Protein chains: 2
Amino acid sequence: MKKPSSVVTMADVARSAGVSTMTVSNVINGRPRVGAETRERVLAAITELGYQINLAARHLRAGRTGVVGLAVPELERPYFAQLAARLADRFERHGLRIVVERTKASRQGELDAVAFSRLRMYDGLILSVVDLDPAELAQVGTESPVVVIGERVTPSRFDHVMMDNVDGARQATAHLLATGSRRIALLGGTPGTEATSMPTLRAQGWAEAHAAAGVPTDSRLVVPSSFRLEDGYEDVKSLLERGIGFDGVFALTDVVAIGALRALADAGLSVPGDVQVVGFDDVDESRYLVPSLTSVNPGHDAMADAIVDLLLRQMGDAQPTEPHEHVVPARLVARETTRPLQA
Amino acid sequence: MKKPSSVVTMADVARSAGVSTMTVSNVINGRPRVGAETRERVLAAITELGYQINLAARHLRAGRTGVVGLAVPELERPYFAQLAARLADRFERHGLRIVVERTKASRQGELDAVAFSRLRMYDGLILSVVDLDPAELAQVGTESPVVVIGERVTPSRFDHVMMDNVDGARQATAHLLATGSRRIALLGGTPGTEATSMPTLRAQGWAEAHAAAGVPTDSRLVVPSSFRLEDGYEDVKSLLERGIGFDGVFALTDVVAIGALRALADAGLSVPGDVQVVGFDDVDESRYLVPSLTSVNPGHDAMADAIVDLLLRQMGDAQPTEPHEHVVPARLVARETTRPLQA
DNA sequence: ATGAAAGCGCTAACAT
DNA sequence: ATGTTAGCGCTTTCAT
């Protein structure tokens with residue numbers, strides 16, 4: 001019983017079993033042409049020595065890893081965590097592992113992810129682009145399969161799956177207007193950002209709905225912030241403290257909405273009586289909140305399906321096909337933070 | 001401008017620049033002893049050919065990947081998503097990437113994670129063990145650094161960081177008792193499970209607190225379930241439908257508590273007036289809920305610190321040290337789903 | 001059914 | 001400052 005002192009290689013096993021490394025390799029990979037008795041001997045040696053295959057070597061040889069990477073801005077955002085779970089389910093059915101990493105929504109983080117992937121650690125990459133600019137992304141040379149998700153309009157070089165941010169935001173705002181809100185705060189709007197960023201697109205939907213309804217917007221109701229719970233909380237608190245009146249809230253994400261709800265409660269405002277609230281993402285917890293959160297469902301399953309389909313296609317095909325641009329429709333889910341529509 | 005037809009290797013670059021591969025390697029890795037003019041030439045060739053380093057080869061050679069794996073039961077559980085984020089912050093400071101994968105809380109998934117790691121795709125692995133049994137885990141031969149987290153008492157072969165489940169649950173239950181609850185439902189208790197599983201440990205704390213207070217428990221108040229929102233919801237609904245009275249709820253996780261709160265609201269029960277509720281995990285959203293959720297904080301930062309410390313130690317040390325067992329203390333955070341303690 | 005040789009793309013060690 | 005040699009551990013030929 002030899003203790004595996006440091007690293008046991010195939011050669012060690014081969015020597016111990018009195019065969020060639022090739023035969024060991026054949027046994028390990030379940031290839032057919034190995035005698036039953038030889039196989040036994042090899043297996044015994046493997047157990048005895050505690051042999052473990054070296055994937056790095058295998059990958060170098062095979063040129064593939066069986067791993068798909070998912071790079072998201074932040075691991076703890078429910079939207080991405082839930083997307084990751086959906087993707088994991090789907091890829092698993094195709095015998096692929098999925099691993100999740102984060103980019104911190106930074107240019108560098110996003111570039112790193114592509115680099116890591118194209119450097120052959122992943123057979124394919126799903127990249128949520130936030131900060132990387134289309135031009136930069138376009139320059140990234142990559143032969144390896146990449147599907148870009150996220151809100152920005154990206155260069156046509158890559159397959160791209162996105163939700164319909166503008167229309168979703170339009171629906172959310174239109175619903176608030178239809179149910180009686182007239183001054184709708186936009187939480188998370190980040191003015192001065194790229195024209196194709198998620199906040200800008202959702203702000204655009206907010207503006208369009210106002211225009212369509214002939215209701216004026218007030219720029220003081222646009223509160224810039226990040227996407228954390230405390231941001232929604234602080235945004236509302238700040239509006240109240242500054243005495244900027246509002247009777248509706250469109251939060252750029254459900255997480256922000258949850259923070260906002262808390263601030264409204266602290267201020268003694270009732271929801272939806274005094275203020276109506278709509279979020280975006282329709283994360284799992286939204287329907288369990290009290291009151292349950294009206295939100296925009298960005299088409300989770302359709303999105304996951306499209307991503308998997310496009311990536312597998314790239315991974316399978318010999319010749320690259322034309323890049324696809326896939327927009328998944330969004331749909332408002334009305335719940336208790338908004339009043340019922342008049343019939 | 002040659003199009004990178006398939007794979008450009010260092011050798012290609014070397015040829016094109018009229019140097020040896022070694023010089024190319026030196027340039028790429030920023031090693032000092034390269035002439036300025038040569039460096040220029042090499043860099044030019046790299047750009048021109050669109051050369052990209054092959055990490056698989058690098059790793060085979062270097063024997064390390066710079067990647068730490070984190071294997072958790074489910075990607076979308078807030079507790080794990082938030083843990084992942086904390087760990088990512090810390091490892092990043094040490095120049096390590098962290099990637100997250102899921103095990104589905106299954107034996108096989110957990111074994112796969114160890115296999116993947118020890119097969120040298122990760123320099124270290126943080127494994128949340130749920131289903132794998134200590135004996136099985138012990139048999140997994142691995143030279144590669146592993147830190148086990150999770151509730152089960154694991155074999156002493158591995159460094160292990162865990163929260164104080166029993167004491168946390170005891171605090172939660174004691175608080176409910178101290179604030180007047182007498183019939184406390186236990187949501188998520190899974191009877192007949194391993195003696196060291198998380199549900200069992202937390203159930204034990206629940207029982208201990210009752211014993212200490214001289215209050216009898218009622219086994220009908222123990223509702224088995226998984227850890228999703230809908231489980232908490234269904235658990236409460238089921239208790240109510242079956243007419244099993246209760247005036248307190250200890251949910252095994254905050255997520256379950258959120259589901260429970262919704263079911264209580266649906267039944268027209270007030271919290272904390274009619275029923276007090278305590279969760280476990282103190283996830284970020286708990287303090288923003290309305291009413292905010294009283295919960296057990298399992299010591300998030302202390303836990304992350306301990307994990308990182310132990311793993312880095314293993315990754316650094318030549319000789320393996322004695323395995324460490326680290327228990328992080330838990331602490332109740334009283335909020336609005338429970339009544340104030342009588343002064 | 002099994003083995004020998006070659007080499008995946010890189011880098012550490014040792015020349016020059 | 002740059003090149004040569006050797007080899008990481010595996011698998012793909014192509015023998016036998």
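Everything numeric here is computed off the predicted structure, so don't read it as measured data. All chains are named by letter (A, B, ...) in the order of the sequence lines, taking the proteins before the strands, and each is independently numbered beginning at 1.
The distance from atom CG of B:Asp131 to atom CG of B:Leu111, rounded to the nearest 0.5 Å, is 9.5 Å.
Whole-Å rounding puts the B:Arg41 CZ to D:dT2 C1' distance at 11 Å. D:dT12 atom P lies 13 Å from atom CD1 of A:Ile28, rounded to whole Å. For the pair A:Arg64 CZ and D:dT12 P, the interatomic distance rounds to 12 Å; values are reported in whole Å. When the P atom of D:dG9 is taken as reference, atom CE of A:Met10 falls 12 Å away, rounded to whole Å.
B:Asn29 meets the side chain to side chain contact (heavy atoms under 4.5 Å, CB included) test with B:Ser25, B:Arg31, B:Arg58; sequence neighbours excluded. Remark: A:Asp89 pairs with B:Arg102 by the side-chain hydrogen bond (donor to acceptor under 3.5 Å, both in side chains) rule, at least two apart or across chains. Residues satisfying the side-chain hydrogen bond (donor to acceptor under 3.5 Å, both in side chains) criterion with A:Glu40, sequence neighbours excluded, are absent altogether. Partners of A:Phe91 under the ring pair (Phe, Tyr, Trp, His ring centres under 6.0 Å) rule, at least two apart in sequence or in another chain, do not exist in this structure. In this view, A:Asp309 and A:Arg313 satisfy the side chain to side chain contact (heavy atoms under 4.5 Å, CB included) rule, not counting sequence neighbours. When the salt bridge (Lys or Arg N to Asp or Glu O under 4.0 Å) test is applied to B:Asp301, the partners found at least two apart in sequence or on another chain are B:Arg86, B:Arg90. By the side chain to side chain contact (heavy atoms under 4.5 Å, CB included) test, A:Ala71 is found to be paired with A:Glu101, A:Thr103, A:Ala113, A:Leu125, A:Leu127, residues two or more places apart in sequence or in another chain being considered.
Residue pairs meeting the side-chain hydrogen bond (donor to acceptor under 3.5 Å, both in side chains) criterion with at least one member in residues 65-79 of chain B, sequence neighbours excluded, are B:Thr65-B:Asp123.
Side-chain contact check for B:Val99 versus A:Tyr122: some heavy-atom pair is nearer than 4.5 Å.
Residue A:Asn26 is out of contact with every strand shown, counting any heavy-atom pair closer than 4.0 Å. Residue contacts shown for B:Arg33 include a base, since a base heavy atom lies under 4.0 Å away. Within 4.0 Å (heavy atoms only), B:Arg31 reaches sugar-phosphate atoms of the nucleic acid but no base atom.
Taking for each of B:Gly18 and B:Leu60 the nucleotide of DNA chain D with the nearest heavy atom, the 5'-most of the two is the partner of B:Gly18.
With a cutoff of under 4.0 Å to any heavy atom of chain B, the contacted region of DNA chain C is bounded 5' to 3' by C:dG9 to C:dA13.
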Just distance, no hydrogens or angles: give the donor-acceptor pairs under 3.5 Å from side chains in residues 8-24 of chain B, sequence neighbours left out.
residue	atom	partner	partner atom	Å
B:Thr9	OG1	B:Ala11	N	3.2
B:Thr9	OG1	B:Asp12	N	3.3
B:Thr9	OG1	B:Asp12	OD2	3.4
B:Asp12	OD1	B:Arg15	NH1	3.2
B:Asp12	OD2	B:Thr9	N	2.9
B:Ser20	OG	B:Met22	N	3.3
B:Ser20	OG	B:Thr23	N	3.4
B:Ser20	OG	B:Thr23	OG1	3.4

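Helical stems in DNA chain C, defined as runs of 3 or more consecutive Watson-Crick or G-U wobble pairs with both donor-acceptor distances under 3.5 Å, are listed by first residue as C:1-16 with D:1-16.
Considering only side-chain N and O atoms, B:Thr23 lies nowhere under 4.0 angstrom from the phosphate OP1 or OP2 of D:dA1.
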Short N/O separations, protein against nucleotides 5-7 of chain D, under 3.5 angstrom:
residue	atom	partner	partner atom	Å
D:dG7	N2	B:Arg61	NH1	2.6
D:dG7	N3	B:Arg61	NH1	3.2

